[in-house]
Amino acid sequence: MTTPDKSAVTYFIADLHLAQNRPDITACFLSFLKNEAVNAEALYILGDLFEYWIGDDDTSDFIHEIAAALKSLADKNIPIFYIHGNRDFLLGKRYAKMSGMTLLPEVTLIDLYGEPVVIMHGDTLCTRDVDYQAFRRKSRSWWWQAIIKSLPLFVRRKIAENYRSQSAAATAIKSQDIMDVTESEVVTCLEQYQSQVLIHGHTHRPDTHQLTANSLPAQRIVLGDWYEQGAWLKVTPQKKELLYNPL
């Protein structure tokens, strides 16, 4: 029998919403890469790394600073895996290569220290938010993305900023229940992938929920956002911990 490596660690993060007007979040993220992630076997970013993404042709210093920091980690032979979120679904292969990241499907089953675990951003689980799901279907279509990508960079930035404002206004009047996951969707997902653990972000409600799937006890682990603190899930062969670091 193989003894688990007690030094092994894998990190999961989501919902950082990095933006030039929040240098405190950027500083916290760069510190996390240098002090925590540098000791990891792998880093998984489950969406919304950025507040918005207007295209891989964005050549701003800020975008390149984040890419350089990620690439520095990847160059230390620490794999970085990325699942798109609802804010940065246009992030493409070009930026992923520049950052040393591997893009994953929106729902992915991984082997986490011998345990099959489902990872995703989590927005597809919020089926009661009908308006958002309608926008999601449209924005993931090839024709919508082709139109957006054909626009000048400054126009795309303006559209993204307007959408961010409209989204914030819409969120403010929606009930929390509508914006949370639908538990039956969680169960369906776990049973489809024959897993007892789901890790996701999106809802900004960090917690570990106990449920039943595949007629067995199961867990849904929700990652925290980075608006007020750094937030990550630290997984070792022995345990899973949601950890925080104030900005």
### Query
Would you say Gln196's side chain and Pro217's backbone share a donor-acceptor pair under 3.5 angstrom?
yes
### Query
Given side chains that start at C-beta, do those of Lys240 and Thr208 come closer than 4.5 Å, heavy atoms only?
no
### Query
Could you state the interatomic distance from CG (Asn245) to OG (Ser31), rounded to the nearest 0.5 Å?
6.5 Å
### Query
Could you give the distance from CG (Leu90) to NE2 (His84), rounded to the nearest 0.5 Å?
8.0 Å
### Query
Taking Asp56 for the side chain and Gly92 for the main chain, is one N or O donor matched with an acceptor at less than 3.5 Å?
yes
### Message
Checking Thr236 against Tyr113 for the side chain to side chain donor-acceptor pair (under 3.5 Å) test, could you report, in this order, the C-alpha distance in whole Å, the side-chain angles of both residues, the deciding distance, and whether it holds?
### Response
CA-CA 8 Å; Thr236 67; Tyr113 304 120; over 6 Å; no
### Over 12 foreign heavy atoms within 6.0 Å of CD, Glu185
yes
### Query
Near Glu115 CD, under 6.0 Å, is it more than 12 heavy atoms from other residues, nucleotides or ligands?
yes
### Message
Any heavy-atom pair between the side chains of Trp143 and Lys138 that's under 4.5 Å?
### Response
yes
### Query
Is the shortest distance from a Lys or Arg side-chain nitrogen in Arg22 or Asp24 to a carboxylate oxygen in the other one below 4.0 Å?
yes
### Task
Would you mind reporting whether Leu233 and Glu241 have side-chain heavy atoms less than 4.5 Å apart?
no
### Task
Answer with yes or no whether the hydrophobic clustering places Trp232 together with Ile119; edges join I, L, V, M, F, W, Y residues whose side-chain heavy atoms lie under 4.5 Å apart.
no
### Task
Could you tell me whether the side chain of Ile83 reaches within less than 4.5 Å of the side chain of Ile45, counting heavy atoms only?
no
### Query
Judged by atom type as modelled, is there a donor-acceptor pair below 3.5 Å linking the side chain of Thr188 to the main-chain atoms of Ser184?
yes
### Message
When you compare the side chain of Phe50 with that of Arg87, does any pair of heavy atoms fall below 4.5 Å?
### Response
no
### Task
Ignoring hydrogens and angles, tell me if any N or O in the side chain of Ser99 forms a donor-acceptor pair with the backbone of Ala96 under 3.5 Å.
no
### Salt bridge Arg156-Asp57, side-chain N to carboxylate O under 4.0 Å
yes
### Task
Hey, could you give me the NE2/CG distance between His202 and Asp15, rounded to the nearest 0.5 Å?
8.0 Å
#### Entry: Arg157/Asp58 salt bridge by N-O under 4.0 Å criterion
yes
### Message
Please report whether the ring centroid of Trp53 lies less than 6.0 Å from that of Tyr95.
### Response
yes
### Message
Checking the side chain of Arg220 only, and the main-chain atoms of His209 only, is there a donor and an acceptor separated by less than 3.5 Å?
### Response
no
### Query
Would you find more than 12 non-hydrogen atoms of other residues, nucleotides or ligands less than 6.0 Å from Asn35 atom CG?
yes
### Task
Measure up the Phe81 and Tyr44 rings against each other and bin them: parallel (under 30°), tilted (30 to 60°), perpendicular (over 60°).
parallel
### Task
Test side chain to side chain donor-acceptor pair (under 3.5 Å) on Tyr82 and Asp88 and set out the steps.
CA-CA 11 Å; Tyr82 195 90; Asp88 52 14; 2.2 Å; yes
### Query
Quick check: does any side chain N or O of Ser195 sit under 3.5 Å from a backbone N or O of Glu191, one acting as donor and the other as acceptor?
no
### Task
Kindly give the cluster partners of Val187, where membership spreads through any ILVMFWY side chain lying under 4.5 Å from a current member.
Val107, Leu109, Val118, Met120, Leu125, Val181, Val186, Leu190, Tyr193, Leu198, Leu211
#### Entry: Asp180 side, atom CG; Arg205 side, atom CZ - distance, nearest 0.5 Å
4.0 Å
### Query
Taking the six-membered ring for Trp, are Trp226 and Phe32 parallel (under 30°), tilted (30 to 60°) or perpendicular (over 60°)?
perpendicular
#### Entry: Flag side-chain contact, heavy atom, 4.5 Å: Val235 against Val9
no
### Query
Are more than 12 heavy atoms from other residues, nucleotides or ligands located less than 6.0 Å from atom CG of Asn77?
no
### Query
Under 6.0 Å between the ring centres of Tyr52 and His17?
no
### Task
Flag the pair Leu112 / Thr10 as yes when at least one side-chain heavy-atom distance between them is below 4.5 Å, and no otherwise.
yes
#### Entry: From NE2 (His204) to CE (Met179), nearest 0.5 Å
10.0 Å
### Query
With a 4.5 Å limit on heavy-atom distance, are the side chains of Met98 and His64 in contact?
yes
### Query
Between atom CG of Leu18 and atom CD1 of Ile25, what is the distance when rounded to the nearest 0.5 Å?
7.0 Å
